[in-house]
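Structure first, then comments.
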Amino acid sequence: MEVTQIAHALTRKWALQRTARLRADDLADLVKERTQELEVANHRLAEEMKERQHMEVELRLAQKLEAIGQLAAGIAHEINTPMQYIGDNTHFLETAFKNMLEVVDAYQRVVDSGAKGESAALVEEARAVAATAKLDFVRKRVPRALATT
């Protein structure tokens, strides 16, 4: 009976050892499987981190370019405002000078015709040209335009 109990105990012990080995093998397989899953997840996470870092670099660059664009727009505005003012004054002076030349030409014709005795019609023409040129306005505005340019 003792031998039977020992045989039974040994059989049970071997069965438990075999079950323990099978479970250890199953656990080892499970650990290996989970390790592979973690490695894949870790690799995916590393790739996402690289992409995020790349996107952050691009975002910082875009922000710098935006700031440079705003600065350039501000500088362009600061340059264009005086340039517009100068351009307007230059246009006014060009028109005023052209009108003054017409008046001078008309007066020259009067002077030339005065020597010939044909001046009455040319005097009226010179007065009309002078009125069209708005000499009083030009006399006041040209010095101001020249002073501010």
Side-chain angles (χ1 to χ4, degrees), residues 10-149:
L10 284 175
T11 304
R12 181 151 172 80
K13 179 182 173 185
W14 291 331
L16 287 173
Q17 284 178 342
R18 194 171 123 240
T19 303
R21 257 184 280 142
L22 289 175
R23 284 196 178 178
D25 289 344
D26 288 346
L27 285 175
D29 290 343
L30 183 60
V31 166
K32 187 177 182 180
E33 181 182 318
R34 292 283 170 93
T35 301
Q36 287 175 345
E37 289 174 4
L38 287 174
E39 286 174 352
V40 168
N42 190 27
H43 179 71
R44 191 171 42 235
L45 182 61
E47 290 296 320
E48 288 174 3
M49 285 176 58
K50 282 182 188 177
E51 186 168 339
R52 181 177 181 200
Q53 288 172 343
H54 179 72
M55 290 174 72
E56 286 175 357
V57 167
E58 286 183 3
L59 177 61
R60 281 192 297 271
L61 178 63
Q63 289 171 338
K64 287 177 185 177
L65 291 175
E66 178 185 11
I68 289 170
Q70 289 175 351
L71 179 64
I75 290 171
H77 175 72
E78 292 300 319
I79 291 172
N80 285 335
T81 299
M83 291 300 292
Q84 181 65 38
Y85 184 74
I86 291 168
D88 291 347
N89 277 344
T90 303
H91 178 69
F92 166 70
L93 291 172
E94 179 184 358
T95 303
F97 187 70
K98 180 180 149 214
N99 291 341
M100 290 295 289
L101 287 178
E102 289 175 1
V103 171
V104 168
D105 289 344
Y107 284 154
Q108 186 62 47
R109 284 193 298 275
V110 168
V111 169
D112 291 345
S113 71
K116 299 176 187 175
E118 319 167 341
S119 61
L122 288 175
V123 168
E124 287 304 316
E125 178 190 341
R127 284 185 183 150
V129 170
T132 304
K134 302 175 185 175
L135 291 180
D136 289 336
F137 176 77
V138 170
R139 186 179 300 253
K140 291 176 186 174
R141 293 295 181 123
V142 167
R144 276 193 221 159
L146 289 172
T148 58
T149 9

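In this chain, residues are counted from 1 in sequence order.
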Seminar exercise, completed: salt bridge (charged side-chain N to carboxylate O under 4.0 Å, His left out) pairs touching residues 63-87, sequence neighbours excluded, are none
For this session: Please say whether more than 12 non-hydrogen atoms of neighbouring residues, nucleotides or ligands are located less than 6.0 Å from CD in E37.
Result: yes
For this session: Output all residues satisfying side-chain contact (heavy atoms from CB on, under 4.5 Å) with R12, sequence neighbours left out; order by chain, then residue number.
Result: L16
Exercise. Any side-chain heavy-atom pair from Y85 and T81 closer than 4.5 angstrom?
Worked result: no
Exercise. What residues, two or more places apart in sequence or in another chain, satisfy side chain to side chain donor-acceptor pair (under 3.5 Å) together with R21?
Worked result: none
Problem set entry | Atom pair OG1/CG of T19 and D26 - distance to nearest 0.5 Å | 10.5 Å
Exercise. What residues form a ring-ring contact (aromatic ring centres under 6.0 Å, His included) with F92, not counting sequence neighbours?
Worked result: F137
For this session: Give, for atom CG of D25 and atom NZ of K32, the distance between the pair rounded to the nearest 0.5 Å.
Result: 11.5 Å
Problem set entry | Residue pair M55, L59: steps toward the side-chain contact (heavy atoms from CB on, under 4.5 Å) verdict | CA-CA 6 Å; M55 290 174 72; L59 177 61; over 6 Å; no
For this session: Calculate, to the nearest 0.5 Å, the distance between atoms CD and CG belonging to Q17 and L10 respectively.
Result: 9.5 Å
Problem set entry | Partner residues of T35 under the side-chain contact (heavy atoms from CB on, under 4.5 Å) criterion, sequence neighbours left out | V31, E39
For this session: Applying salt bridge (Lys or Arg N to Asp or Glu O under 4.0 Å), name anything that partners E47, two or more places apart in sequence or on another chain.
Result: none
Exercise. In chain order, what residues pass the side chain to side chain donor-acceptor pair (under 3.5 Å) check against H54, with sequence neighbours excluded?
Worked result: E58
For this session: Check side-chain contact (heavy atoms from CB on, under 4.5 Å) between I79 and all other residues, then give those that pass, not counting sequence neighbours.
Result: I75, M83
Seminar exercise, completed: Output for pair (L45 CG, R52 CZ), nearest 0.5 Å, gives 10.5 Å
Problem set entry | Partners passing side chain to side chain donor-acceptor pair (under 3.5 Å) against D88 (at least two apart in sequence or in another chain) | Q84
Exercise. Partners of Q36 by side chain to side chain donor-acceptor pair (under 3.5 Å), sequence neighbours excluded?
Worked result: none
For this session: Check side-chain contact (heavy atoms from CB on, under 4.5 Å) between R60 and all other residues, then give those that pass, not counting sequence neighbours.
Result: E56, V57, Q63
